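On a predicted model such as this, the values are computed, not experimentally measured, just so you know.
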Amino acid sequence: MIVWLNGTHGAGKTTTSALVQKLIPDSRVFDAEKVGETLMDITPALPDTDNFQHWPPWRPLVVETARRVLDYTGGTLVIPMTVLVEEYWREISAGLAQHSIEVRHFVLHADQDTLRRRIEGEHVVPSPFRLKYLAPYAEAARTWLHSAAEVVDTTHLTPAEAALRIAEAVGTQRP
C-alpha cells in the first residue's frame with residue numbers, strides 16, 4: 001500500500017509523513033523528490049524547467065521506484081509529495097494501479113493565510129519557489145484535487161494530530 005500525502009508547501013507533508021510512518025507498522029517514507037533530484041543531476045542537463053515533475057521520466061520513475069521498493073520490502077510506503085497537475089496524478093496513480101498497488105491519497109490542506117505564514121516562518125527569507133505554488137494549489141484544490149483525495153485540514157491541527165487521523169483512516173496504526 002501507498003499512503004500518499006499531497007498538498008502544497010507549508011501544509012506539513014514532510015513532518016507528518018515521518019509521524020505517519022511511526023504509526024503504521026512495516027512502513028517506510030519514500031521521498032519522491034529524490035527521484036527529481038537525481039534527474040536534476042544529469043549532465044548535460046535535461047531541458048530547462050521550473051519543476052522536475054514536468055520532465056516525462058519523473059512520473060514513471062516514481063511509480064517504478066515505489067513498486068520495486070514494495071516488491072523488496074512489502075509493507076507500506078508513505079510518500080510526501082506535492083502533485084498539483086491532475087494529468088500527472090492520473091499518470092502516477094494509473095501506473096501504481098497497473099501493479100495492483102493500493103493508494104490512499106490524502107491532501108494536507110490549510111487555508112492560504114496559514115500556508116503563507118508557515119512558509120514565511122521557515123526561513124529568514126521566505127522561499128519564492130514555495131510561495132509561488134500557493135495559487136496553483138488553490139486552483140487544484142478547487143477543480144480536482146480535493147475530490148481525488150481524502151482531505152485533512154491541518155489549519156488547526158498539529159502534525160501529530162494529522163498523522164493520527166491519517167493512520168486511523170488507513171486502519172493499520174500501531175496500538
Side-chain angles (χ1 to χ4, degrees), residues 1-109 127 129-130 132-133 136-137 139-141 143-152 159 162-163 166-167 169-174:
M1 172 193 298
I2 289 175
V3 175
W4 194 291
L5 303 185
N6 205 338
T8 196
H9 306 286
K13 295 180 306 299
T14 301
T15 302
T16 302
S17 68
L19 297 169
V20 167
Q21 185 275 320
K22 291 177 182 175
L23 294 171
I24 297 177
D26 196 25
S27 65
R28 292 168 174 72
V29 174
F30 165 41
D31 186 350
E33 189 167 318
K34 301 297 184 191
V35 174
E37 290 174 5
T38 297
L39 293 172
M40 290 170 29
D41 287 342
I42 291 174
T43 54
L46 296 176
D48 195 32
T49 183
D50 66 340
N51 187 324
F52 56 72
Q53 291 185 17
H54 300 316
W55 287 324
W58 180 78
R59 299 174 300 279
L61 284 171
V62 167
V63 170
E64 188 62 16
T65 304
R67 178 183 80 83
R68 295 285 180 153
V69 170
L70 286 172
D71 283 351
Y72 181 62
T73 64
T76 300
L77 285 183
V78 180
I79 302 179
M81 187 73 223
T82 300
V83 179
L84 301 180
V85 177
E86 183 177 11
E87 176 185 340
Y88 297 173
W89 175 251
R90 288 181 189 224
E91 183 178 343
I92 291 166
S93 58
L96 294 167
Q98 284 182 329
H99 297 290
S100 301
I101 299 171
E102 178 185 0
V103 178
R104 292 294 298 269
H105 183 202
F106 293 90
V107 171
L108 301 186
H109 172 78
S127 166
F129 177 83
R130 294 167 69 86
K132 84 176 189 175
Y133 283 93
Y137 167 73
E139 180 63 12
T143 58
W144 72 273
L145 184 58
H146 282 195
S147 63
E150 299 171 61
V151 178
V152 178
I166 292 164
V170 171
T172 59
Q173 73 272 9
R174 296 181 197 277

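A donor-acceptor pair under 3.5 Å is formed between the side chain of R59 and the backbone N or O of Q53. Put simply, the side chain of E102 never gets that close to the backbone of M1: no donor and acceptor are under 3.5 Å apart. Under the 3.5 Å distance criterion, the side-chain polar atoms of W55 are left unmatched by any main-chain donor or acceptor of G36. A distance-only check finds a donor-acceptor pair linking the side chain of R104 to the backbone of A169 [under 3.5 Å]. Put simply, the side chain of T82 gets close to the backbone of G7: a donor and an acceptor are under 3.5 Å apart.
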Q) side-chain contact (heavy atoms from CB on, under 4.5 Å) between F52 and T38: does it pass, once the steps are laid out? A) CA-CA 10 Å; F52 56 72; T38 297; over 6 Å; no
Q: Take Y137 and H109, measure what side chain to side chain donor-acceptor pair (under 3.5 Å) needs, and give me the verdict at the end.
A: CA-CA 9 Å; Y137 167 73; H109 172 78; 2.6 Å; yes
Q) Checking side-chain contact (heavy atoms from CB on, under 4.5 Å) for the pair F106/V20: CA distance, chi angles, key distance, verdict? A) CA-CA 12 Å; F106 293 90; V20 167; over 6 Å; no
Q.
Could you walk me through whether R90 and E87 satisfy the salt bridge (charged side-chain N to carboxylate O under 4.0 Å, His left out) test, starting with their C-alpha distance in whole Å, then the side-chain angles of each, then the deciding distance to 0.1 Å, before giving a yes or no?
A. CA-CA 5 Å; R90 288 181 189 224; E87 176 185 340; over 6 Å; no
Q: Evaluate the side-chain contact (heavy atoms from CB on, under 4.5 Å) criterion for residues E86 and T143: first the C-alpha distance (whole Å), next the side-chain angles of each, then the deciding distance (0.1 Å), finally the verdict.
A: CA-CA 9 Å; E86 183 177 11; T143 58; 5.9 Å; no
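For S17, the side chain to side chain contact (heavy atoms under 4.5 Å, CB included) partners two or more places apart in sequence, or in a different chain, are L5, V29, V78, P80.
A side chain to side chain contact (heavy atoms under 4.5 Å, CB included) with L70 is found for one member of L77, T65, L96 and no other, namely L77.
Note: N6 CG to L145 CG = 5.0 Å, rounded to the nearest 0.5 Å. A distance of 6.0 Å separates CG of L39 from CG of L61, quoted to the nearest 0.5 Å. Rounded to the nearest 0.5 Å, atoms CG (L84) and CH2 (W144) are 7.0 Å apart. The structure places OG1 of T76 at 10.0 Å from CD of Q21, a figure rounded to the nearest 0.5 Å. Considering NE2 of H105 and CD1 of I2, their distance stands at 11.5 Å, rounded to 0.5 Å. Note that OG1 of T14 and NE2 of H9 are 9.5 Å apart. Values are rounded to the nearest 0.5 Å.
A 6.0 Å sphere centred on NZ of K34 holds no more than 12 heavy atoms belonging to other residues, nucleotides or ligands.
Y88 and H54 form a side-chain donor-acceptor contact under 3.5 Å, judged by distance and modelled atom types alone.
Contact detail for V83 and W58: the closest heavy-atom pair is CG2-CH2, 4.4 Å. In this structure, A32 and I79 approach most closely via the heavy-atom pair CB-CG2, 4.1 Å. What you find for P60 and P57 is that their closest heavy atoms are CD-O, 3.4 Å. G74 and D26 make their closest contact through C-OD2, 4.1 Å (heavy atoms, listed as atom of the first residue, atom of the second, distance). The two residues I24 and A167 make their nearest non-hydrogen contact at CG1-CB, 4.3 Å. Contact detail for W4 and M81: the closest heavy-atom pair is NE1-O, 2.9 Å.
Residues V35 and F30 form a side-chain contact, since some pair of their non-hydrogen atoms from C-beta on lies under 4.5 Å apart. Put simply, the side chain of S93 does not reach to within 4.5 Å of the side chain of V103, judged on heavy atoms.
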